[in-house]
Amino acid sequence: TVGAVALDDQGRLAAATSTGGRTAKWPGRIGDTPVIGAGTWADGDCAVSATGHGEYFVRAAAGHEISARIRYLGETLEQACAAVVQDDLPRLGGTGGVVAVDKNGRVALPFNCEGMYRAAIDGQGRATLAIYRGE
Amino acid sequence: MPIAIALHGGAGTLRRSEMDAAAEQAYRAGLARALEAGHAVLRAGGSALDAVCASVCALEDDPLFNAGRGSVYTLDGKQEMEAAVMDGSRQDAGSVTGLGCVQNPVLLARAVMERSPHVTLGFAAAEDFARREGLDMRPPEYFHTDKRWQALLLEKERLASGGKDEDIPEDRKHG
């Protein structure tokens, strides 16, 4: 699954996700990507795109949950993403990760598996391009 | 206002010891191209929506990644692609599922958001809408990669010998 999130110079946030699904999935199976609020979410606070075992992202309403934690609990983007990716998803049995950006240009790239193909340039111009854990 | 962008090309069992240098270089180059495609839009004053679509199109066109051209196969040997977009400034959304011949599913998701009264379209209805919108369509051969096909054959073999669906190896699952 591929995806991107962005913040533009007008303060607008957007998210996009695209996938071929899972190898040998049942024909007709629908994953998290086209389920708005699961694999893809954007509002005035943050934008989120997810990759991983889609059924668990649907059950966790992962993208919307990250936004709700920011809005209602006052968490930072990093805290909200960590709560969903490192706590909620593993509790359900789900593996994968998200990329997210908030309205201030902060970026989060958490995952709970061995690695995630990822790249970013945050609001301060700091660039990241990595595959493995620890990079 | 600052500009920012982040993208992913999949996640799973990605170990340094299991990827050769050439493959790793190709993946990193693909990620860099996609990042630049979106960031260039933002640097030019374009919208976040245009930027994420540019990045995702670059990844969909790269057969290394499991989307668009590099999509994995279903149990019956076909491809069913999905995509979604969301514009945070209007909390507007569009998504598509069950696509087999749309070159860039993300652009169809955007068309659903911007030019239909719906949020999600699937299968034949989504592809009919793509044709009406004049989006680029491709034959099945365009989306075929040997690596994904071999992954399907291996998985079918495992299932035929009593393997459980949920025990699919991580590296095979998402291509």
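No hydrogens, no waters, no symmetry mates; every other heavy atom, side chains included, goes into these values. Please read all numbers here as calculations on a predicted model, not as lab measurements. Letters A, B, ... are given to chains in the order of the sequence lines, protein chains preceding strands, and every chain is numbered from 1.
- The backbone N or O of A:S18 lies less than 3.5 Å from no partner atom in the side chain of A:T33, so there is not a single donor-acceptor pair.
- Of the two parts of A:E135, only the side chain, counted from C-beta on, holds a non-hydrogen atom closer than 4.5 Å to a non-hydrogen atom of chain B.
- Every residue meeting the salt bridge (charged side-chain N to carboxylate O under 4.0 Å, His left out) condition with B:D128, not counting sequence neighbours, appears here in chain and number order: B:R131.
- Counting heavy-atom pairs closer than 4.5 Å to chain B, the top residue among A:D122, A:D43, A:V98, A:I121 is A:I121.
- Expressed to the nearest 0.5 Å, how far OG1 of A:T1 lies from CZ of B:F65 amounts to 12.0 Å.
- There is a side-chain donor-acceptor pair under 3.5 Å between A:R22 and A:H53.
- Under a 4.0 Å N-O distance rule, the pair A:K103/A:D45 qualifies as a salt bridge.
- The parts of B:E82 that come within reach of chain A are both its backbone and its side chain, each placing non-hydrogen atoms under 4.5 angstrom from that chain.
- In this structure, B:T145 OG1 and B:Q150 CD are separated by 10.0 Å, a value rounded to the nearest 0.5 Å.
- Hydrophobic clustering places B:M137 together with B:Y142 (ILVMFWY residues linked when any side-chain heavy atoms are closer than 4.5 Å, directly or through intermediates).
- Note on ring orientation: taking the six-membered ring where Trp is involved, the planes of A:W41 and A:H64 are perpendicular (angle over 60°, cut-offs 30° and 60°).
- Taking chain A as the reference chain and counting heavy-atom pairs below 4.5 Å, the highest number among B:M19, B:R90, B:K78 is found for B:M19.
- When each of A:C46, A:S49, A:A100, A:G39 is checked for heavy-atom pairs under 4.5 Å with chain B, A:S49 comes out on top.
- In terms of heavy-atom pairs under 4.5 Å with chain A, the best-connected choice from B:D50, B:D76, B:L159, B:V41 is B:D76.
- For A:T23 and B:E155, the side-chain atoms include no donor-acceptor pair closer than 3.5 Å.
- Of the charged side-chain nitrogens involved, at least one lies within less than 4.0 Å of a carboxylate oxygen, so that A:R29 and A:E55 count as a salt-bridged pair.
- Interface with chain A: from residues 96-123 of chain B, residues B:V96, B:T97, B:P105, B:V106, B:V119, B:T120, B:F123 qualify, criterion being any non-hydrogen pair under 4.5 Å.
- Taking OG1 of A:T51 as the reference point, atom CZ of A:F111 lies at 11.5 Å (rounded to 0.5 Å).
- Ranked by non-hydrogen atom pairs under 4.5 Å with chain B, the options A:G123, A:G105, A:A127, A:A15 are led by A:A15.
- Inspection of the B:E24 and A:Y132 side chains reveals an N or O donor paired with an N or O acceptor under 3.5 Å.
- Contacts between A:V107 and chain B at a heavy-atom distance below 4.5 Å involve the side chain alone, from C-beta outward.
- Each of B:L59, B:V56, B:L31 has some count of heavy-atom pairs under 4.5 Å with chain A, and the biggest count is that of B:L31.
- Neither the backbone nor the side chain of A:N112 comes within less than 4.5 Å of any heavy atom in chain B.
- By the criterion of side-chain heavy atoms lying less than 4.5 angstrom apart, applied directly or through intervening Ile, Leu, Val, Met, Phe, Trp or Tyr residues, A:V84 is not grouped with A:V101; the two fall into different hydrophobic clusters.
- When heavy atoms are compared at a cutoff of 4.5 Å, B:L35 approaches chain A solely by way of its side chain, counted from C-beta outward.
- Taking all atoms of both residues into account, the shortest heavy-atom contact from A:L109 to A:V99 is CD2-CG1, 3.6 Å.
- Contacts of B:H39 with chain A are made by side-chain atoms alone, with heavy-atom separations under 4.5 Å and no backbone atom involved.
- Counting heavy-atom pairs closer than 4.5 Å to chain A, the top residue among B:A83, B:A6, B:A67, B:S95 is B:A6.
- One hydrophobic cluster, built from ILVMFWY side chains closer than 4.5 Å, cannot hold both B:I5 and A:L13; they sit in different ones.
- Among the candidates A:R12, A:K25, A:R118, A:R133, the residue making the largest number of heavy-atom pairs closer than 4.5 Å to chain B is A:K25.
- Considering only heavy-atom pairs separated by less than 4.5 Å from chain A, the leading option among B:S47, B:P2, B:A48 is B:A48.
- Looking only at heavy-atom pairs under 4.5 Å with chain B, the residue among A:A47, A:G63, A:A50, A:S67 that has the most is A:A50.
- Under the 4.5 Å side-chain contact rule for hydrophobic residues, A:V58 and A:I36 do not share a cluster.
- Of the atoms belonging to B:A32, heavy atoms from both backbone and side chain fall under 4.5 Å from chain A.
- Residue with the most contacts toward chain A among B:G10, B:C53, B:S71, B:A54: B:G10 (heavy-atom pairs, distance under 4.5 Å).
- Contacts with chain B were tallied for A:A108, A:A14, A:G11; A:A14 has the most, counting heavy-atom pairs under 4.5 Å.
- With a 4.5 Å cut-off on non-hydrogen atoms, A:I131 touches chain B through its backbone and its side chain both.
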